[in-house]
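The structure displayed is predicted, hence computed values, not measured ones.
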Amino acid sequence: MYGEDSSNAMPVIFGKSSCSEFSKEAYTAVVYHNRSPDFHEEIKVKLPATLTDHHHLLFTFYHVSCQQKQNTPLETPVGYTWIPMLQNGRLKTGQFCLPVSLEKPPQAYSVLSPEVPLPGMKWVDNHKGVFNVEVVAVSSIHTQDPYLDKFFALVNALDEHMFPVRIGDMRIMENNLENELKSSISALNSSQLEPVVRFLHLLLDKLILLVVRPPVIAGQIVNLGQASFEAMASIINRLHKNLEGNHDQHGRNSLLASYIYYVFRLPNTYPNSPSPGPGGLGGSVHYATMARSAVRPASLNLNRSRSLSNSNPDISGTPTSPDDEVRSIIGSKAMDRSCNRMSSHTETSSFLQTLTGRLPTKKLFHEELALQWVVCSGSVRESALQQAWFFFELMVKSMVHHLYFNDKLDAPRKSRFPERFMDDINALVSTIASDIVSRFQKDTEMVERLNTSLAFFLNDLLSVMDRGFVFSLIKTYYKQVSSKLYSLPNPSVLVSLRLDFLRIICSHEHYVTLNLPCSLLTPPASPSPSVSSATSQSSGFSTNVQDQKIANMFELSVPFRQQHYLAGLVLTELAVILDPDAEGLFGLHKKVINMVHNLLSSHDSDPRYSDPQIKARVAMLYLPLIGIIMETVPQLYDFTETHNQRGRPICIATDDYESESGSMINQTVAMAIAGTSVPQLTRPGSFLLASTSGRQYTTFSAESSRSLLICLLWVLKNADETVLQKWFTDLSVLQLNRLLDLLYLCVSCFEYKGKKVFERMNSLTFKKSKDMRAKLEEAILGSIGARQEMVRRSRGQLGTYTIPSPSERSPSGSAFGSQENLRWRKDMTHWRQNTEKLDKSRAEIEHEALIDGNLATEANLIILDTLEIVVQTVSVTESKESILGGVLKVLLHSMACNQSAVYLQHCFATQRALVSKFPELLFEEETEQCADLCLRLLRHCSSSISTIRSHASASLYLLMRQNFEIGNNFARVKMQVTMSLSSLVGTSQNFNEEFLRRSLKTILTYAEEDLELRETTFPDQVQDLVFNLHMILSDTVKMKEHQEDPEMLIDLMYRIAKGYQTSPDLRLTWLQNMAGKHSERSNHAEAAQCLVHSAALVAEYLSMLEDRKYLPVGCVTFQNISSNVLEESAVSDDVVSPDEEGICSGKYFTESGLVGLLEQAAASFSMAGMYEAVNEVYKVLIPIHEANRDAKKLSTIHGKLQEAFSKIVHQSTGWERMFGTYFRVGFYGTKFGDLDEQEFVYKEPAITKLAEISHRLEGFYGERFGEDVVEVIKDSNPVDKCKLDPNKAYIQITYVEPYFDTYEMKDRITYFDKNYNLRRFMYCTPFTLDGRAHGELHEQFKRKTILTTSHAFPYIKTRVNVTHKEEIILTPIEVAIEDMQKKTQELAFATHQDPADPKMLQMVLQGSVGTTVNQGPLEVAQVFLSEIPSDPKLFRHHNKLRLCFKDFTKRCEDALRKNKSLIGPDQKEYQRELERNYHRLKEALQPLINRKIPQLYKAVLPVTCHRDSFSRMSLRKMDL
């Protein structure tokens, strides 16, 4: 009710459902028969916005009659009580125990409370409290907190100038007001938190108002600035501590942030308001919380102004990821001033006129705040530091408002703020910096926040204050940090703070402009020009200063750092942290590199700098980056190691590093591998040289190195070419080489990996997370106790845990261990990693691969541009050779990596230009590079993309041409190309032969159509080369096909080795490959031959290189070992002289190499049982060791020789040493391809039977062509091709024996002689004239076929082509002579064998004497010797046969005699039988043997004529 009358009841009680919304009264339920009833109702009342002292709640108590009597009402009021709503301007709430009046209250009761004993009233129980009721208020107008109430009341009284003030029962007079006000401000701390949160904005507004406009009390201005500041600090701290869940990522309370952002406005700026009502926040005259007028309180009239501050809460202080940071930096740029203009404001100060009629002084909030902050101390200062961000942002907003409302935004920055304010700020920054420095170890978290806040503050100041002044503040901070750093053992934490600080400052939207990118490095004009500076400025035209200027742009020189202050700081941080001598800063590499990387990313995507000229200016700010990164070369992650080519290029030797005390920090090179157990060979020369100080560098991670290299490429891409060129001119050879090293590394780093890699990584991560989860479960389940139980129970949630990769683990080490006491909690961030993230979609992978490809092309094109600049620069200097070599190295390396067609076209163009400008570079100095280049070009010649092929072919052709023009033959390129081809075909898996053949055809066409060189030998030479390459190609491709066919494989290897006749290194390699293959198959003799050939080849070239008496002269020396060796002699016109670099450079082309080969050969001969050859090998070796006085080696050799000879003695018969069996194999049929109609002699292991080899070959080719296709021809007759089925493959195999002419037998005495150096073989085919193979003795002819092979056995392969075939046809009588001679020989051998072998002897005797067979000796004699032949030509044969029989009977007699001495008594009878047979035979033969042909004994001719009568008389048919 707002009055005493019942009509004054207000409809403010909320109705129940299905009643009207508001009613004027509400009833409780009826309580039956209870003298002290309890009512459980809850009644909700809506308070009017403006309350007066008359507003009250009236309670009426009714008696309800159950049995209604007549004339009595149903309800009778029996008591009344009430609660006034407002008392002394304060809402009455809480628990009440009210007395109940029996009568209606009198007039004007509402102002009093029922506790006051009103006169003449009756009360229940003598005015005791009998009715208990509780009132709870929910209000955003009434604070319901005594401390806040008091504060607001006093401030209001001051504003309205109404004294005395009543607060509760107190009356405060004006003279007492100051103390009360101060105590109420300090008492604010005791207030409850809830009302403070609710009235926070208002409370802060009032406190700020008190700071800015000190009240006038009793004519005195009372300064409450300090008290208000303290109150603010403590309130803000309380909020911060108690509302922890309410912070953003920087630890700022959102309540406070929104106050600064939306609510806070300078108290002396208010909008025009048409009504006399309240203005903006500080403008309100009335504080409606207790004003007795009907004005709405100001807090409802918030004017939502947006802050102009650049302390955008979105800018990340500790970014979640570099991308977010970049995004937010870019985002914050969008805040343009124009959109923040507010409607025009005017100042009205009339209300400020106090009774004294004068205006109180106006203070500016930011100035006052700075002052208070600087002077405060103790706990207040601590509170302020804890929440420094709040005061900083408040200050910045205040400054911006001040400038805006006073139209000072266009004023020059230096005059915007008074001197004393600047001093305060300076002092403030200085003290805060010293706080950071002194406390960073104790209060790490607080200092991090403070550091970030300070950085954002300075970032904001750059937008509103004089930049020079802000830079001086930054310098102050830097000085403090630096001075502390020197004394710290482990500086990384402090440096990390400094990095955060710098990163935030550099995220300013006008960062580039702040660095003055457009000014050149002239020394800044000094305020008082000294003599020296004046002269230095005047001498600006001299070239010297000009050069100096260029150098200064690329170094962190003083002029550079003065001119580009922030960029200088960034790069200095980078240089300091990356410096390998920097102790303990290893952990910050990633952080500092990301900072630079993010800056460059933001410049790159900033539309303001899209113009190339502007970009070049921006890039100028980062030129020293090139130098800094060049310093870090040894520490960068070595991307080349994963590449299959060689590691990094070798351009630097340690001592060069030392001597080079150029502009950059002088350091020695050391191993770039920190404690990793990488084998020493992975990095070439320069990186293996241990530094003199013995220090090991720590290598950066791959990610950091990649970011760093991206930065480098960005600068190189966007920097001005002429500037770069000038700088390159100044660099020393060493430094330029270092730059080339870097580019080399860039090529590897940004090589395109392909989609498959992304897919693989994707599946790997996924799999890894699963494995790790399983392992993790095991590890935890393995232990016992509560943890085990927990896991068992939480099986359900296990799905969400995966172990983080090592990089995401806690810094303290392993994921376990450091958190040992943590139970398995769901919110343990350690294990919470999103599994969904792991599996990327197809489209994402495609996209990633696309980006990767584009990056690779872009990076390589930048590298190519830089190389071009380097080449232009150095082509005029003296030191060009070493640099160009490096350029070529990078170029070749980039060709070796996976590249896009776009890049390759440019790359080939550059390569051609380089070769044509400096041909001597390739052909004289960098010969290794020449080989490399040939390999790369050939590889691209086999590319599937036609443009790449055509470019590569053109490059290769021009290379040959240039080489030819230098010396009229291009042996070098010929050799290199041939070598390259073999290694390409040997190593590359996905090599395409077809495309390469096309390219070779293109090259041939070029040669044919080249008019200038048409008259020279060039086209022919090219044709030879291309033909040779085609052959090698075919052979190597076939080699892959014939992996299973050992003979064919060795043949192909042999053919390839032959193709390399002109490149000794390669021939040697292939010979050794063959030796290896032979050893695998236990063909030791052939392996030994390969080694002998290798040795002969080496000897040949060694004798050209150095003339030493004791070394073999060449192949000739090796003739005794094998007659085949002469093919190694270097006599063709194409032979490259070994003086040329890159030829004969292998390890074997040395004396020790030769010795090694010969020793291996001797060992293989020994294993093959060819001890005589061992002796021959050592004959070459001994002089070498003798010349070197190597007694130890000599003793070993002689020991081995002794072994060899003793073995020869023990195995003199030769049966113990089986040297091999020979077969003639002919191939017929188109299916065999190259082999068709070829005849070979195969050398098979000893005692191989015809059936075995037949089975082997039939099986092998059967498998290849199909068993029904292959057929073995059983006889050894000449094959007629016409009679064969063209769809079948025929193999003819015949056993052959070594064949020697009679004169040869004089030299071939031992078994070894008869089995070594064999070139002629023979097989016999019996036939009769009527076509049958066998017939009667007198019609039995015999064909002897003598085969001559192209090389002598044993050779470097096990089958040798038959080059010559000769046939001898024997007449029947000649056949008989041969048979008899053979029998006689067998008898003689068996008789004289030592030790005697009775079994053998008896076998032979049985076959000669005791024979009952048809064609025994007697039969032969009877057929041929019974009559003298009619044909005089046969006289000799007749006679020869007669003499044979004579010899035969003599031998039989000897054998019988021998046998008699050998047999025991049990064989006496057998002996007698043999003797009887012998006598019978002798008698039968007697008349035949004694019949001479008289014509033969007429004239005795000179003996010489009879020499070869046998062969002359026979019917010979030569088949060539």
Side-chain angles (χ1 to χ4, degrees), residues 308-317 319-340 455-456 458-464 467 470-471 474 499-519 553 560 563-571 573-574 592-626 706-721 723-724 851 854-855 858-859 861-862 865:
L308 287 179
S309 155
N310 193 19
S311 300
N312 181 346
D314 304 336
I315 290 189
S316 166
T320 41
S321 78
D323 301 351
D324 297 350
E325 184 176 17
V326 172
R327 238 176 268 131
S328 62
I329 291 176
I330 294 166
S332 69
K333 287 183 179 145
M335 290 174 54
D336 192 47
R337 278 220 179 88
S338 57
C339 64
N340 289 324
F456 275 122
L458 293 181
N459 183 325
D460 295 338
L461 289 190
L462 284 171
S463 304
V464 291
R467 282 152 189 186
V470 182
F471 284 167
I474 296 173
L499 273 184
D500 286 335
F501 175 83
L502 188 58
R503 190 193 62 230
I504 292 167
I505 284 182
C506 293
S507 61
H508 195 278
E509 57 180 323
H510 299 302
Y511 164 81
V512 173
T513 329
L514 289 173
N515 277 310
L516 309 176
C518 294
S519 63
M553 288 163 71
F560 180 91
Q563 205 68 49
H564 313 308
Y565 182 62
L566 291 177
L569 288 182
V570 171
L571 295 175
E573 286 290 1
L574 185 70
V592 72
I593 290 170
N594 277 347
M595 176 167 87
V596 178
H597 183 257
N598 292 338
L599 272 174
L600 295 183
S601 308
S602 68
H603 302 330
D604 199 60
S605 49
D606 195 323
R608 293 174 295 182
Y609 312 131
S610 53
D611 181 271
Q613 284 170 313
I614 301 176
K615 260 216 177 91
R617 284 287 180 197
V618 177
M620 265 175 64
L621 300 176
Y622 294 97
L623 292 179
L625 185 67
I626 305 174
R706 191 178 161 91
S707 301
L708 207 50
L709 293 176
I710 284 187
C711 297
L712 171 79
L713 291 179
W714 189 86
V715 176
L716 286 174
K717 175 188 176 181
N718 294 306
D720 188 351
E721 264 189 46
V723 176
L724 282 177
I851 288 177
N854 285 340
L855 175 64
E858 175 72 11
L861 288 172
I862 296 170
D865 287 342

Phe560 versus Leu571: any side-chain heavy-atom pair under 4.5 Å? yes
Can you check whether Cys506 reaches Met595 side chain to side chain, under 4.5 Å on heavy atoms? no
Residue pair Tyr511 / Val570, side-chain heavy-atom distance below 4.5 Å: yes
Starting at CZ of Arg617, measure out to OG1 of Thr513 and round the result to the nearest 0.5 Å. 13.5 Å
Partners passing side-chain contact (heavy atoms from CB on, under 4.5 Å) against Glu858 (at least two apart in sequence or in another chain): Lys717, Ile862
Heavy atoms, side chains only, cut-off 4.5 Å: are Met620 and Asp720 in contact? no
If I compare all heavy atoms of Ser610 with all of Pro607, which pair ends up nearest, and what's the gap? OG-O, 3.0 Å
Name all residues meeting the salt bridge (charged side-chain N to carboxylate O under 4.0 Å, His left out) criterion together with Asp604; count only those two or more places apart in sequence or in a different chain, and write none if there are none. Lys615
Could you give the distance from CG (Leu566) to CG (Leu621), rounded to the nearest 0.5 Å? 10.0 Å
In Å and rounded to the nearest 0.5 Å, what is the OG to CZ distance from Ser507 to Phe456? 6.0 Å
What closest approach, in Å, do Ser707 and His597 show between heavy atoms, and which atom pair accounts for it? O-CD2, 3.9 Å
What is the minimum heavy-atom distance between Leu462 and Arg467, and which atoms define it? O-NE, 3.6 Å
Is a side-chain N or O of His564 found less than 3.5 angstrom from the main chain of Asn515, in a donor-acceptor match? yes
Can you name the closest pair of heavy atoms from Val715 and Leu625 and give their distance? CG2-CD2, 3.7 Å
About how many Å separate CG of Asp865 and CG of Leu713, when rounded to the nearest 0.5 Å? 11.0 Å
Could you measure the distance from the CD1 atom of Ile504 to the CG atom of Asp500? Nearest 0.5 Å is fine. 6.0 Å
Which residues pass the side-chain hydrogen bond (donor to acceptor under 3.5 Å, both in side chains) test with Asn718, sequence neighbours left out? none
Could you check whether the rings of Trp714 and Tyr622 sit parallel, tilted or perpendicular, using 30° and 60° as the cut-offs? perpendicular
Can you check whether Ala455's main-chain N or O pairs, donor with acceptor, with Asn459's side chain at less than 3.5 Å? no
Measuring only between side-chain heavy atoms, which start at C-beta, is Leu724 closer than 4.5 Å to Ile626? yes
Say you draw a straight line from CG of Leu502 to CG of Leu458; how long is it, rounded to the nearest 0.5 Å? 11.0 Å
Note, Tyr565 side chain near Ile474 side chain (heavy atom, < 4.5 Å): yes
